[in-house]
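Shown next, in structure tokens, is the structure this report addresses.
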Amino acid sequence: MEIDLADLGFWRRPLKERHEAFARLRELDRPVFFQERRVPLLRSGKGFYALVRHADVVEASRNAKVFSSEPAVTNPEPPGWVKHVFGESMVNMDDPRHARLRRIVSRAFSPKMLGNLQGDIDRACARIVDDVVAEGPGDFVRQVAARLPIHVICDMMGIPDDVRDRVHQHVDVSTAYTGVRPSLAQTVRMAGQNMLALLALQRLVIDLGRQRAQTPGGDLVSALVTANVDGERLTDRELGSFFALLLVAGNETARNTMAHGIKLLTDNPEQRRLLAEDFDAHIGGAIEEMVRYVSPIMQFRRTVTQDHDLRGLHLKAGDKVVLFYGSANRDEEVFPDADRFDITRDAKGHVGFGGPGPHFCLGANLARQEIRTMFRELFTRLPEVRSVGEPELLVSNFDNSVRSQAFSF
């Protein structure tokens, strides 16, 4: 089987074939280089080395001085004008700029803040299941998985109720653009829709931030636009970029894990039975195993800043590497029998929230909290809930997204 990770056609292949391809790449002595082709509206790129082993992904994640997130972590890189339109996202920054922004926004994810959110998450899950019972089973993504993360993020940020449907629509458009497009015309159309959606999200929260700067409330926007004890605050553009990142990245991790998770628990009845028999004992391990198995975000790119040797490969300054999290999470050296879904496995070393280091996902504990609470509500009130048939997946080389999943209860 020919393997070309830079060819968008590879990402249309069946999942089993792709896993087999990555397993073959992991067996090689050193990372393989893939030449990129020109992608409309994006930089053509010079190609990249694929980091597919767990140890390589962890090394690159930890060593941010050599493996830089600048100018961008998406693959291929966006053109330079994008940051002038949308501002720079903190995922595309190195220290000290990254450290400053992370220090400011990390207050949203402190144990105290997450503890204060639990009551809101409980109520949101109860309302979602109420609506599922009233409406009847249909699409698990639309009715359950897609609703909770955006609801929680909007609650945190203090987004008014009357604009939340628009927020949801803009997020759907933004994440759809990460899929593989079959034609130039569709690429251009989706790129335009994506830019308009991101601009609308940023404008919404910037306007709200200006209001909160004058009359602060108890929401996160107020905290981010008013100076803390060190005099630090987010500018308008920084607030807009953070909101877009939080909605897209924060939403997709929990949403994808829940959507894949209901399918995994249905297809593995012995694992489902273990979880149902002692939910509290197993849900922590189940969530880590779901994230490992699913890898909600499949890859990020890094730029090499100086000559560096990695497992027999001599990298030069300016080289690009891509961290394939889905492959690292199936590395048999770390996860024996890696293709088996096992909620009793010690999966804590997975890189489903990004590798260890300065860019480890800030919202990892919030995602865990949302997944835990939603599955508790489902298993308590709808103990027979299960997926039906196969999911419709987004064809993407970045976002392991479920577009729809039929279910019953």
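Only heavy atoms go into these numbers, but all of them, side chains included; no hydrogens, no water, no symmetry mates.
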**OP:** Given salt bridge (Lys or Arg N to Asp or Glu O under 4.0 Å), test E20 with K16 step by step and report yes or no.
**Re:** CA-CA 6 Å; E20 290 172 352; K16 184 174 184 294; 2.6 Å; yes
Please check if the side chain of [X] supplies one atom and the backbone of [Y] the other of a donor-acceptor pair under 3.5 Å.
X	Y	answer
R233	T226	no
R381	A126	yes
Q271	I343	yes
R26	S327	yes
D94	S68	no
W11	L5	yes
S89	N92	no
Q299	N397	yes
N63	E59	no
E36	A6	no

Distance in Å, [X] [atom1] paired with [Y] [atom2], rounded so as to fall on 0.5 Å steps:
X	Y	atom1	atom2	value
L114	N116	CG	CG	9.0 Å
I287	H282	CD1	NE2	13.5 Å
E392	D139	CD	CG	9.0 Å
K46	F33	NZ	CZ	7.5 Å
D331	H350	CG	NE2	15.0 Å
R147	M374	CZ	CE	8.0 Å

**OP:** Any chance you could lay out the ring pair (Phe, Tyr, Trp, His ring centres under 6.0 Å) test for F324 and F22, step after step, and finish with the verdict?
**Re:** CA-CA 9 Å; F324 286 96; F22 278 112; 5.3 Å; yes
Which heavy atom of [X] sits nearest a heavy atom of [Y], and at what distance?
X	Y	answer
R102	F360	NH2-O, 2.8 Å
L51	A60	CD1-CB, 3.8 Å
F34	A50	CE1-CB, 3.7 Å
A254	E370	CB-OE1, 3.3 Å

Original post:
Could you walk me through whether K316 and D319 pass the salt bridge (Lys or Arg N to Asp or Glu O under 4.0 Å) check?
Top reply: CA-CA 6 Å; K316 296 178 293 184; D319 284 344; 5.6 Å; no
What I'd like to find out is whether the side chain of [X] reaches to under 4.5 Å of the side chain of [Y], using heavy atoms alone.
X	Y	answer
L220	F242	yes
P31	D56	yes
D120	V152	no
R330	H19	yes
M290	H260	no
V91	S69	no

List the residues meeting salt bridge (charged side-chain N to carboxylate O under 4.0 Å, His left out) with [X], not counting sequence neighbours, and say none if there are none.
X	answer
K263	D267, E390
R100	E238
E384	R386

Subject >> Partners passing side-chain hydrogen bond (donor to acceptor under 3.5 Å, both in side chains) against T257 (at least two apart in sequence or in another chain) >> reply: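 Expected list: none.
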**OP:** Go through the structure and list residues passing side-chain hydrogen bond (donor to acceptor under 3.5 Å, both in side chains) with D165, not counting sequence neighbours.
**Re:**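 Applying side-chain hydrogen bond (donor to acceptor under 3.5 Å, both in side chains) to D165 gives none.
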Original post:
Can you list every pair that meets salt bridge (charged side-chain N to carboxylate O under 4.0 Å, His left out) and has a residue in residues 347-369, with sequence neighbours left out?
Top reply: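 Output for this query lists E288-R368.
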Subject >> Trace of the salt bridge (Lys or Arg N to Asp or Glu O under 4.0 Å) decision for R164 with D155 >> reply: CA-CA 10 Å; R164 293 191 180 190; D155 271 359; 2.8 Å; yes
**OP:** Decide yes or no on ring pair (Phe, Tyr, Trp, His ring centres under 6.0 Å) for Y325 and F353, but give the supporting numbers first.
**Re:** CA-CA 9 Å; Y325 300 121; F353 290 118; over 10 Å; no
Original post:
Around D309, counting heavy atoms of other residues, nucleotides and ligands shown, do more than 12 lie under 6.0 Å from its CG?
Top reply: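 Correct, the count exceeds 12.
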Original post:
Counting heavy atoms not belonging to E270, are there more than 12 under 6.0 Å from its CD?
Top reply: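 Yes - once you tally the heavy atoms of other residues, nucleotides and ligands closer than 6.0 Å, there are more than 12.
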Do [X] and [Y] pair up side chain to side chain, a donor and an acceptor below 3.5 Å, judged on atom types alone?
X	Y	result
S61	H359	no
Q118	D122	yes
D219	S222	yes

Original post:
Do R103 and E232 pass the salt bridge (Lys or Arg N to Asp or Glu O under 4.0 Å) test, and can you show the C-alpha distance, the side-chain angles, and the key distance before you say yes or no?
Top reply: CA-CA 9 Å; R103 186 166 58 246; E232 294 182 312; 2.7 Å; yes
Subject >> Within 45° cone and under 6.0 Å: R272 NZ/CZ vs F379 ring >> reply: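 That pair qualifies as a cation-pi contact.
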Original post:
Once the angle between the rings of F341 and Y293 is folded into 0 to 90°, is it parallel (under 30°), tilted (30 to 60°) or perpendicular (over 60°)?
Top reply: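 Geometry flag for Y293 against F341: perpendicular rings.
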